[in-house]
Amino acid sequence: MSSTLGKDDYVQGTLKWLIVITAALGAMLEVIDTSIVNVAITSIQSSLGATISEVGWVVSGYSIANVILIPLSAWLGFYFGRKSYFIFSLVGFTVASILCGFSVNLAMLVVCRILQGLFGGGLLAKGQSIIFETFPPHEQGLAQAMFGVGVIAGPAIGPTLGGYLTDSLGWRWIFFINLPFGLVAILMAWLFLPKDLPRLRVPTIDWWGIAWLAISIGCLQTVLAQGQEYDWFNSSLINYLAIVGSITFVLLIWQELNTKAPAVDLRVLRHRALAAGSIYSGILGMGLYGTLFVVPIFAQSILGLSATQTGFLLAPGALASAIVMVLLGKISDRIDARILIATGAIGSALVMFNLADITAQTGTERLFWPLVFRGGVTVMMFLPLTLATLGSLAQKDIPAGSGFYNLTRQLGGSLGIAILTNILEQRIAFHKVILSAKITPYDLATSQRLEQLHWFFQSQGLDSITSNQRALAIIEHTIYTQASVLSFADIFRIVGITFICSLPLLLFLGQGKKKRQVV
């Protein structure tokens, strides 16, 4: 029997807004820590005496553990209680952060980062479901906007904050900084989140479902996170992980569709809006995290910016996201979500095509407005997509639906980074071959440039052989730089085309304005 939720079924007054702040703070801690470590990798490597491939697990371990826990967040919240699980996650996340800061070697740091990812995995999805269960449909837009400010801005805030802390206080402080904010979040959750309702029955534990989920998602996420380091499918390890991940993923689907109390409720995908929205969420993750991965590389490798300078380059875009998110939250319940998403997708594509015109002489002022505009239009996809995907679900399906929605965005981000990294290397090699073919000793401009460089180095006191070597090295560096610039341009065009090609998925989404029904 279906019935519409009434006003008294939701939290009233100031308390509901305090709940939003509590959920948003927890989610922001989790999201920021996905990217805050990236700018400190070099410092961690030199401090702990690790290789680049070894220190990469500091990032990968967190993301793998995070992705494994996201789809389990609905079941864990039901089994332990929504409030109890949220507070437990915050406590575990904060303690794991402190342990990361006190790590004496790489092994300890990786283990603590995995723990941090496991505890943090439920904060984003559970926080979002808490808000959907707290607010009536006509207030969902503003509530989700407040929640989304941290989620959408977190990936940009992370490198900015991480770069500043690393340069000023050392890499350990990117973990210690979580202590005061974690304690505040724990206190707020204890004070403001509604008490857990007594369970009518104790759910059985789907051990096989949990096992297949951990193995399949863990293997596949490891392939995405470490594939580039191990030369993808030329590595027997990557091949093995891909095969095991694929087989156990099939076993996971079979298990969850044939058990009465699944750890991951796949049946919730019967909702067309959730299925289509989750796919689109993956595409959004590719565009959001992929771009935020590529732009810093361009800024540091081509423009020569430091980690802190790169962070500040991204900061105005994060601020634009926050402003547009709040403004959009006030009107999102009156406009068809599909129109807003389409506008955001087209706007994002235009930004990518604009960034494709970059050159080796591009300055930060040339990137400022495109990145600010990108921050604003991305929100036009993020917030309406959340409402269109989850807004029409029955309240009992919100936790599971939120888990899937956030899972696909995280996986989309990992997939996007993996694909764009691979394409970037391939395109650099391609453009380098093309450019090298045009630059030969028989080319007049090339020979003149080599001669100028040769005489310049000789005037600095170098012998003829060394001067010639230096001149050839500069020519080689110039070719590589230009090949890299052309490859970054290709990446931006690919992301823009992807956004355009995603538009037909909007036909399967809801308007994001319907009242939610409870069965």
Side-chain angles (χ1 to χ4, degrees), residues 24-52 54-63 90 93-106 108-110 112-113 115-117 120 149-185 289 292-322 363-365 367-368 371-372 375:
L25 181 56
M28 180 181 287
L29 287 172
E30 188 274 329
V31 172
I32 288 178
D33 267 66
T34 61
S35 58
I36 195 172
V37 177
N38 294 350
V39 295
I41 287 297
T42 302
S43 297
I44 294 173
Q45 179 190 0
S46 59
S47 175
L48 300 181
T51 65
I52 284 292
E54 289 173 340
V55 81
W57 283 101
V58 175
V59 177
S60 301
Y62 180 89
S63 62
L90 284 171
F93 182 86
T94 304
V95 172
S97 298
I98 301 304
L99 292 176
C100 285
F102 283 120
S103 295
V104 295
N105 53 50
L106 182 66
M108 180 179 175
L109 180 57
V110 171
C112 292
R113 278 286 284 175
L115 290 175
Q116 194 185 32
V149 166
V151 176
I152 201 75
I157 294 174
T160 306
L161 180 62
Y164 175 78
L165 291 174
T166 301
D167 293 341
S168 303
L169 301 173
W171 65 266
R172 296 181 186 277
W173 281 92
I174 65 178
F175 300 112
F176 291 148
I177 193 68
N178 287 333
L179 178 59
F181 294 103
L183 292 176
V184 170
Y289 295 114
L292 286 175
F293 173 77
V294 171
V295 170
I297 294 178
F298 174 79
Q300 294 183 45
S301 63
I302 303 300
L303 302 185
L305 301 184
S306 67
T308 303
Q309 290 173 324
T310 302
F312 282 115
L313 177 66
L314 298 174
L319 180 61
S321 295
T364 54
E365 68 282 351
L367 297 175
F368 179 83
L371 292 179
V372 168

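All values below were derived from every heavy atom in this structure, side-chain atoms included, with hydrogens, water molecules and symmetry-related copies excluded. Note that the numbering runs from 1 along the sequence shown for the chain.
- Heavy atoms only, all atoms of each residue included: Y62 and E30 are closest at OH-O, 2.8 Å.
- In plain terms, the two heavy atoms of S97 and F175 that are nearest each other are O-CB, 3.2 Å.
- The two residues N178 and L29 come nearest to each other via the heavy atoms OD1-CD2, 3.7 Å.
- Using a distance-only test at 3.5 Å, with no hydrogens or angles considered, a donor-acceptor pair links the side chain of S168 to the main chain of Y164.
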Legend entry - Verdict with supporting geometry, F176 and I98, side-chain contact (heavy atoms from CB on, under 4.5 Å): CA-CA 6 Å; F176 291 148; I98 301 304; 4.2 Å; yes
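- Annotation for M108 and L99: closest pair CE-O, 3.8 Å, computed over non-hydrogen atoms.
- By the neighbour-count criterion of 12 heavy atoms within 6.0 Å, atom CZ of F181 is sparsely surrounded, having that number or fewer from other residues, nucleotides or ligands.
- Within 6.0 Å of CZ in F368 there are more than 12 heavy atoms belonging to other residues, nucleotides or ligands.
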Inset, instruction - Evaluate the criterion side-chain contact (heavy atoms from CB on, under 4.5 Å) for residue pair L367 and F298; output intermediate values, then yes/no. - result: CA-CA 11 Å; L367 297 175; F298 174 79; 4.2 Å; yes
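- Counting all heavy atoms, side chain and backbone alike, S103 lies closest to C112 at OG-SG, 4.3 Å.
- With sequence neighbours left out, T166 forms a side-chain hydrogen bond (donor to acceptor under 3.5 Å, both in side chains) with no residue at all.
- A donor-acceptor pair is defined here as one N or O able to donate and one able to accept, closer than 3.5 Å; no such pair exists between the side chain of R113 and the backbone of G61.
- Put simply, CD1 on I174 and CG on L165 are 8.0 Å apart, with the number rounded to the nearest 0.5 Å.
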Inset, instruction - Could you go through the side-chain contact (heavy atoms from CB on, under 4.5 Å) check for L48 and W171 one step at a time? - result: CA-CA 11 Å; L48 300 181; W171 65 266; 4.3 Å; yes
